[in-house]
Asks: 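Sharing a structure here in structure tokens format.
Atoms considered below: every heavy atom in the structure, side chains included; atoms not considered: hydrogens, waters and symmetry mates.
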Amino acid sequence: MFIALLAPVLAPNDPNKSDLMVALQGASSQYPLGTDPLGRCILSRLLYGATVSIFSSLAITAFVFIIGTLIGVTAGYWGGKIDGVLNKFITVMQAFPKLILAIAIVGVLGVGIGNMIFALCIVQWAEYARLSRSLARSVKQRTFIKSAKICGESDWQIMRRHVIPNVIPPLIVNASLGISTMIMEVAALSYLGVGVKSPMAEWGAMLNSGKDYLQTNPNLVVIPGLAILVVSVLFNLFGDKLRDALDINESKI
């Protein structure tokens with residue numbers, strides 16, 4: 001993440017500058033990882049692509065975390081008709097294939113990183129809503145919730161002071177483990193041509209532009225593929241460490 005933030009400083013060249021005279025060149029002092037079919041610096045595009053891939057995934061995860069948690073806690077705590085309606089809505093959203101629904105939404109709204117982020121937010125919140133609903137229903141039965149009611153606290157105060165703080169830790173772990181999945185979904189949409197607009201640098205878009213040269217220039221695919229792999233593994237390891245630090249049982253997530 002720190003390297004991605006420093007992309008404008010670390011990148012040796014303009015990531016979007018095309019020069020067909022140097023297309024598909026190997027590694028050199030000017031182009032440390034070579035160039036792509038349009039003569040653009042692969043290293044520069046890799047660094048700028050990290051900014052798009054990582055931080056768009058973090059933004060999506062943060063949004064669906066907040067929205068999903070609020071909906072799930074509301075359904076789980078209040079129960080009754082509210083829970084019935086919200087639970088059916090959650091179930092319907094989870095029934096759709098996420099990637100296909102995201103492609104359909106982007107197809108209607110138009111290609112672009114903003115529409116891609118919006119589409120993924122629409123299809124991803126239900127997972128957090130389902131989990132937070134389950135956790136809220138469990139917390140609701142605890143003795144300290146009954147004590148809070150006896151002490152005269154309102155339902156909104158109980159949700160804010162007791163329910164939400166108790167469901168947040170396992171949800172945070174789930175979100176940290178889900179960032180890697182989000183990175184791959186952002187890359188998948190860009191690879192399919194419904195993500196970022198050309199010439200914006202993004203790892204999935206780099207895979208798409210290099211797939212036709214897999215036999216002659218495999219580095220066009222291997223380099224962004226390794227970037228996705230390494231970052232995904234790192235976020236998964238971070239999620240595992242966070243789960244250990246918060247002492248969350250796997251059964252809760």
Asks: Any link between Phe65 and Ile164 through a network of hydrophobic side chains (Ile, Leu, Val, Met, Phe, Trp, Tyr) touching at under 4.5 Å?
Replies: yes

Asks: To the nearest 0.5 angstrom, please state how far the CG atom of Leu135 sits from the CD1 atom of Ile168.
Replies: 9.5 Å

Asks: Can you name the nearest heavy-atom pair linking Gly239 to Ser176, along with the distance?
Replies: CA-OG, 3.2 Å

Asks: If hydrophobic clusters are built by linking Ile, Leu, Val, Met, Phe, Trp and Tyr wherever their side-chain heavy atoms come under 4.5 Å apart, do Leu229 and Leu47 end up in the same one?
Replies: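 Different hydrophobic clusters.
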
Asks: Which pair of non-hydrogen atoms, one from Asn16 and one from Asp14, has the smallest distance, and what is that distance?
Replies: N-OD1, 3.0 Å

Asks: Measure across Gln141 and Lys146 and return the closest heavy-atom pair with its distance rounded to 0.1 Å.
Replies: O-CE, 4.0 Å

Asks: For residues Leu86 and Val73: do they belong to one hydrophobic cluster (side chain heavy atoms under 4.5 Å, members Ile, Leu, Val, Met, Phe, Trp, Tyr)?
Replies: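 Linked within one cluster.
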
Asks: What pairs of residues pass the side chain to side chain donor-acceptor pair (under 3.5 Å) test when at least one of them lies in residues 224-238, not counting sequence neighbours?
Replies: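 Listed by first then second residue: Ser180-Asn236.
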
Asks: Whether the His162 and Gln157 side chains hold a donor-acceptor pair (N or O, under 3.5 Å, no angle test) is what I'd like checked.
Replies: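 No - no donor-acceptor pair under 3.5 Å links their side chains.
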
Asks: Could you measure the distance from the OG1 atom of Thr181 to the NZ atom of Lys98? Nearest 0.5 Å is fine.
Replies: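 The NZ atom of Lys98 is 8.5 Å from OG1 of Thr181, to the nearest 0.5 Å.
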
Asks: Can you tell me how far the CZ atom of Phe63 sits from the CZ atom of Phe118, to the nearest 0.5 Å?
Replies: 8.0 Å

Asks: Can you pull out every salt bridge (charged side-chain N to carboxylate O under 4.0 Å, His left out) where at least one residue sits in residues 163-191? Sequence neighbours excluded, please.
Replies: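 The answer is none; no pair qualifies.
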
Asks: Around atom CZ of Phe144, are there more than 12 heavy atoms of other residues, nucleotides or ligands at under 6.0 Å?
Replies: yes

Asks: Between Arg137 and Asp83 (salt bridge meaning N to carboxylate O under 4.0 Å), is one present in this structure?
Replies: yes

Asks: Pro12 and Pro32: which non-hydrogen atoms are nearest, and at how many Å?
Replies: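 Residues Pro12 and Pro32, closest heavy atoms: CG-CD, 4.0 Å.
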
Asks: Spell out, as yes or no, whether a donor-acceptor pair under 3.5 Å connects the side chain of Arg45 to the backbone of Pro15.
Replies: yes

Asks: Roughly how far, to the nearest 0.5 Å, is CE of Met93 from CZ of Arg130?
Replies: 14.5 Å

Asks: Has Thr35 got a side-chain atom pairing as donor or acceptor with Arg40's backbone, closer than 3.5 angstrom?
Replies: no

Asks: Do any side-chain atoms of residues 187-210 form donor-acceptor pairs under 3.5 angstrom with protein atoms, and if so which ones, sequence neighbours left out?
Replies:
| unit_1 | atom_1 | unit_2 | atom_2 | d |
| --- | --- | --- | --- | --- |
| Ser190 | OG | Val186 | O | 3.3 |
| Ser190 | OG | Glu202 | OE1 | 3.0 |
| Glu202 | OE1 | Gly204 | N | 2.6 |
| Glu202 | OE1 | Ala205 | N | 3.1 |
| Glu202 | OE2 | Ser53 | OG | 2.8 |
| Glu202 | OE2 | Gly204 | N | 3.4 |
| Trp203 | NE1 | Leu46 | O | 3.0 |
| Asn208 | OD1 | Lys211 | NZ | 2.7 |
| Ser209 | OG | Ala205 | O | 3.4 |
| Ser209 | OG | Met206 | O | 3.0 |

Asks: Supply the atom-to-atom distance Gln124 CD to Leu101 CG, rounded to the nearest 0.5 angstrom.
Replies: 10.0 Å

Asks: Assess whether side-chain contact (heavy atoms from CB on, under 4.5 Å) is satisfied between Phe89 and Val85, documenting all intermediate values.
Replies: CA-CA 6 Å; Phe89 188 44; Val85 172; 5.7 Å; no

Asks: Search all heavy atoms of Ala136 against all heavy atoms of Val163 and return the closest pair with its distance.
Replies: CB-CG1, 4.0 Å

Asks: Output all residues satisfying side chain to side chain donor-acceptor pair (under 3.5 Å) with Gln30, sequence neighbours left out; order by chain, then residue number.
Replies: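 So Gln30 forms no side chain to side chain donor-acceptor pair (under 3.5 Å) with any residue.
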
Asks: Which of these passes side chain to side chain contact (heavy atoms under 4.5 Å, CB included) with Ile183: Thr61, Leu58, Val231?
Replies: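 The side chain to side chain contact (heavy atoms under 4.5 Å, CB included) with Ile183 is passed solely by Val231 among Thr61, Leu58, Val231.
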
Asks: Output, in order, the C-alpha distance, side-chain angles, deciding distance and verdict of side-chain contact (heavy atoms from CB on, under 4.5 Å) for Tyr77 and Ile158.
Replies: CA-CA 10 Å; Tyr77 180 79; Ile158 292 173; 3.7 Å; yes

Asks: Less than 4.5 Å apart, any side-chain heavy atom of Phe235 and any of Met1?
Replies: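 Side chain of Phe235 against side chain of Met1, heavy atoms only: contact under 4.5 Å found.
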
Asks: Could you pull out every donor-acceptor pair under 3.5 Å between side chains of residues 104-114 and any protein atom, sequence neighbours left out?
Replies:
none

Asks: Quick one: pull up CD in Gln25 and CG in Leu33 and give me the separation to the nearest 0.5 Å.
Replies: 13.5 Å

Asks: Are more than 12 heavy atoms from other residues, nucleotides or ligands located less than 6.0 Å from atom CZ of Phe55?
Replies: yes

Asks: Taking a hydrophobic cluster as the set of Ile, Leu, Val, Met, Phe, Trp and Tyr residues connected by side-chain heavy atoms closer than 4.5 Å, whether directly or through intermediates, do Leu10 and Leu5 fall within one such cluster?
Replies: yes

Asks: Quick check: do Glu127 and Asn174 have side-chain heavy atoms less than 4.5 Å from each other?
Replies: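 Yes, at least one pair of side-chain atoms sits under 4.5 Å.
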
Asks: Pick out which of Asp36, Asn219, Leu24 makes a side chain to side chain contact (heavy atoms under 4.5 Å, CB included) with Tyr213.
Replies: Leu24

Asks: Return each pair, listed once, that meets salt bridge (charged side-chain N to carboxylate O under 4.0 Å, His left out) where at least one residue sits in residues 223-242; pairs must be two or more places apart or across chains.
Replies: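 Sorted pair list: Asp240-Arg243.
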
Asks: Quick one: does any side-chain atom of Trp125 pair with a main-chain N or O of Ile122 as donor and acceptor, under 3.5 Å?
Replies: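 Side chain of Trp125 to backbone of Ile122, a donor-acceptor pair under 3.5 Å: yes, one is there.
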
Asks: Taking a hydrophobic cluster as the set of Ile, Leu, Val, Met, Phe, Trp and Tyr residues connected by side-chain heavy atoms closer than 4.5 Å, whether directly or through intermediates, do Met21 and Ile42 fall within one such cluster?
Replies: no

Asks: Report yes or no: does Ser44 contribute a side-chain atom to a donor-acceptor pair with the main-chain N or O of Asn13 at less than 3.5 Å?
Replies: yes

Asks: List the atom of Ser132, the atom of Leu171, and the distance in Å for their closest heavy-atom pair.
Replies: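 Result for this residue pair: CB-CD1, 3.7 Å.
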
